[in-house]
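Report on one structure; see the data block that follows.
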Amino acid sequence: MNPVITGRVLRTRRETLSLRVDGRTFTVCVVTVLALLAVMTVTLTTGEYPLSVGEVLGAVTGAGEGAADFIVNTLRMPRLLTAVLVGAALAASGAILQGLTRNSLGSPDIIGFNNGAATGALTVIIVVGGSMYQVAIGALLGAVITALLIYLFSFTRGVQGFRFVLIGIGLNALALAVNSYLITRANLYDALSAQAWLLGSVNGRGWEHVTAAALALAVLLPLALYHSRALAMMELGDDSAKALGVGVQRSRAVLIVTSVLLAAFATAAAGPIAFVALAAPQLARRLTRSSSPGLVSSALMGALLLAAGDLLIQRMFPTAQLPVGTATGCLGGLYLIWLLASEWRGKARYA
Amino acid sequence: MPSPGDAIASRAESPKKQTRLYAEDLTLAYEQAVVATDLSVEIPDGSFTVIIGPNACGKSTLLKALARMLKPKTGGVHLDGKLISSYRSREVARRLGLLPQTSIAPSGITVGDLVARGRYPHQKLLRQWSSEDEAVVTESMKLTGVLELSGRLVDELSGGQRQRVWLAMVLAQQTSILLLDEPTTFLDIAHQVEVLDLCADLHEDKQHTLVAVLHDLNQACRYGTHLIVMRPGGEIAAQGNPSEIITAELVEDVFGLPCRVIDDPETGTPLIVPNARKKRSEDDGPVAVHEHATL
């Protein structure tokens, strides 16, 4: 008999376990992981001091010599892992929010989470004059407060994705204005460090950034994954989802909180990096040809995008210290345009 | 002004408590706008209940309350002997299915995948597609005649086919109570009859209890075994078997439409024939019948 559903079904003999796996999504995830591993290998082995794969492995396992150990474990690895984790967190945050708002513009960098986080960070840098840790906490608070404001303005009268996005865009503009104002009020030294933070970069990130981002991902991603089935059901509309037994309000609240915290932690670790949260889920969605961005495929795509972008600017402009956001913007933007264009030329089926 | 409908309205009698689904003393409101007060209805087990009434009288609102989509301000809906609000959402979804007026098919989804979503209340995180799920979904699609469409994209289907797919999804929920909010809207007459025939089959062959909101009085009389007639303001004007309660006086009282009620030549059920325009204007001036979206 023909299977009635798409994808493959894996079942244990007594059916205590039965899983649905979409073949295409699985392939996309595997290919993305392979590409990510390739980018990581190139990042760790090339540069001003080329290392062999053996030397890198030695350093990672703790058996490396002094120079290789320093280059891998102090310089390259923390930066690389920060890029990978921050990319994954931003993309996952974007995938959740785009799914919830049913709008591809409903991503944290468009609706003000990132700039709200920046407002928090700038306030700490300029008004309080705090340390890097305090700046990170300021960024976290900034993002959370922005999200709360959007929630208050848009969610009190029913949930409509479009309304949420529009209010977010408004708050984003507000946050940008506040940020500009803060910089004009700062002295030169503070303004410089504020501007450096605003660029959004994984340059000079240490293990503390890696740990923070990894912890956030380890807690928030499983939570989001657990609720992602509810998210998929909400695609049918709130009424249908409720009728099918989805706890719409609760799942939505949990998902929004995870999305905000993922974006907030990522921004606290690496500054406001634009475009990853917007583009990675869209890239993943189009590659997997699914109706909404998948969480795992998006997170992997975000990790790849940011790691590849950082590799690109490190190797192509070794002295310029470009923010990684410029590279992700170029890479992801071009790829997205290409995908959209080829999609429209073909059948506009998944637009 | 006492109206003929009041005489047969069963609001005065308190609902018999043994039916699976009934509502008692509901006050229904969206935000501050009160749609209905003191609303008590009973859905007879195994009936094909049809809720009718003028636009914006609160038909859909009542259906939403019965399905726990809308929390009543006062009063309560009872399902299988307990307040519906005391169940977990999944448990409600295993006992009662609802086809809302607007459902969104995710773009690029196949018919089979959409119908499979109806299994959600029976699935778990690591039990995503058992052979039982597959059997139920296949059976639901067979019943609604969409099995051969399973690989097609929902976007590519006609309105009638799509509605049958949605019905299949609700059937896959395996609930013996089905609530349908205007299942025939946006369909042409042939597809309306097709969908209603399907509902009648489900009612007769599968012994399902059906509750539907319909606009067409004649269809309601033909297919319904139990009618709930609502007045603007959410008041029940009459409820009972269509042949017993539908009279010209009731229709004029509730809808403001002078008419004659004759026997449907096909089925013998009441058939409402509006009076000729000339005759109506002679009777009591022009009657405004507005066709706006219902609540």
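Below, read A as the first sequence line, B as the second, and so on, with proteins coming before strands; counting in each chain starts at 1.
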Problem set entry | Atom OH of Tyr87(B): over 12 foreign heavy atoms under 6.0 Å | yes
Exercise. Side chain of Arg117(B), backbone of Ala232(A): donor and acceptor closer than 3.5 Å?
Worked result: yes
For this session: Select one option (side chain, backbone, both, neither) describing which atoms of Val248(A) are under 4.5 Å from chain B's heavy atoms.
Result: neither
For this session: Evaluate side-chain contact (heavy atoms from CB on, under 4.5 Å) for Leu126(B) paired with Leu19(A), printing each intermediate quantity in order.
Result: CA-CA 6 Å; Leu126(B) 296 177; Leu19(A) 299 173; 4.0 Å; yes
Exercise. When rounded to the nearest 0.5 angstrom, what distance separates CD1 in Ile104(B) from CD in Glu235(A)?
Worked result: 9.5 Å
Exercise. Any donor and acceptor pair, going by atom type alone, linking the side chain of Glu15(A) with main-chain N or O of Ser131(B) inside 3.5 Å?
Worked result: yes
Problem set entry | Among the listed options Leu98(B), Leu96(B), Thr175(B), the residue most often paired with chain A at heavy-atom distances under 4.5 Å | Leu98(B)
Exercise. Nearest 0.5 Å, what's the OG-CG distance between Ser18(A) and Asp133(B)?
Worked result: 6.5 Å
Exercise. How many angstroms lie between CG in Leu17(A) and OG in Ser130(B), if you round to the nearest 0.5 Å?
Worked result: 12.0 Å
Exercise. Any side-chain heavy atom of Leu147(B) within less than 4.5 Å of one from Val4(A)?
Worked result: yes
Exercise. Side chain, backbone, both or neither: which part of Gln123(B) has a non-hydrogen atom closer than 4.5 Å to chain A?
Worked result: both
Exercise. So which part of Val92(B) gets closer than 4.5 Å to some heavy atom of chain A, the side chain, the backbone, both or neither?
Worked result: neither
Exercise. In terms of heavy-atom proximity below 4.5 Å to chain A, should Thr110(B) be classed as side chain, backbone, both, or neither?
Worked result: side chain
Exercise. Checking Ile109(B) against chain A: side chain, backbone, both or neither under 4.5 Å from a heavy atom?
Worked result: neither
Seminar exercise, completed: Nearest heavy-atom contact between Ile5(A) and Ala116(B) is CG2-CB, 3.6 Å
Seminar exercise, completed: OG of Ser107(B) to CZ of Arg102(A), rounded to nearest 0.5 Å, is 12.0 Å
Exercise. Given that the side chain runs from C-beta out, which part of Thr16(A) has a heavy atom under 4.5 Å from chain B: side chain, backbone, both or neither?
Worked result: backbone
Seminar exercise, completed: When every non-hydrogen atom of Trp129(B) is compared with those of Val9(A), the smallest separation belongs to CD1-CG2, 3.3 Å
For this session: Would you mind telling me which of Arg88(B), Arg90(B), Met69(B), Gln128(B) has the largest number of heavy-atom pairs within less than 4.5 Å of chain A?
Result: Gln128(B)
Exercise. Under a 4.5 Å heavy-atom cut-off, does chain A meet the side chain of Leu179(B), its backbone, both or neither?
Worked result: neither
Problem set entry | Under 4.5 Å from any heavy atom of chain B - which part of Ala230(A) | both
Problem set entry | Which atoms of Leu99(B) approach chain A - backbone, side chain, both or neither, heavy atom under 4.5 Å | neither
Exercise. To the nearest 0.5 Å, how far apart are OG in Ser103(B) and CG in Leu244(A)?
Worked result: 9.0 Å
Problem set entry | Gap between atom CG of Leu236(A) and atom OG1 of Thr102(B) - 0.5 Å precision | 11.5 Å
For this session: Using a strict cut-off of less than 4.0 Å between a Lys/Arg side-chain nitrogen and an Asp/Glu carboxylate oxygen, indicate whether Asp113(B) and Arg20(A) qualify as a salt bridge.
Result: yes
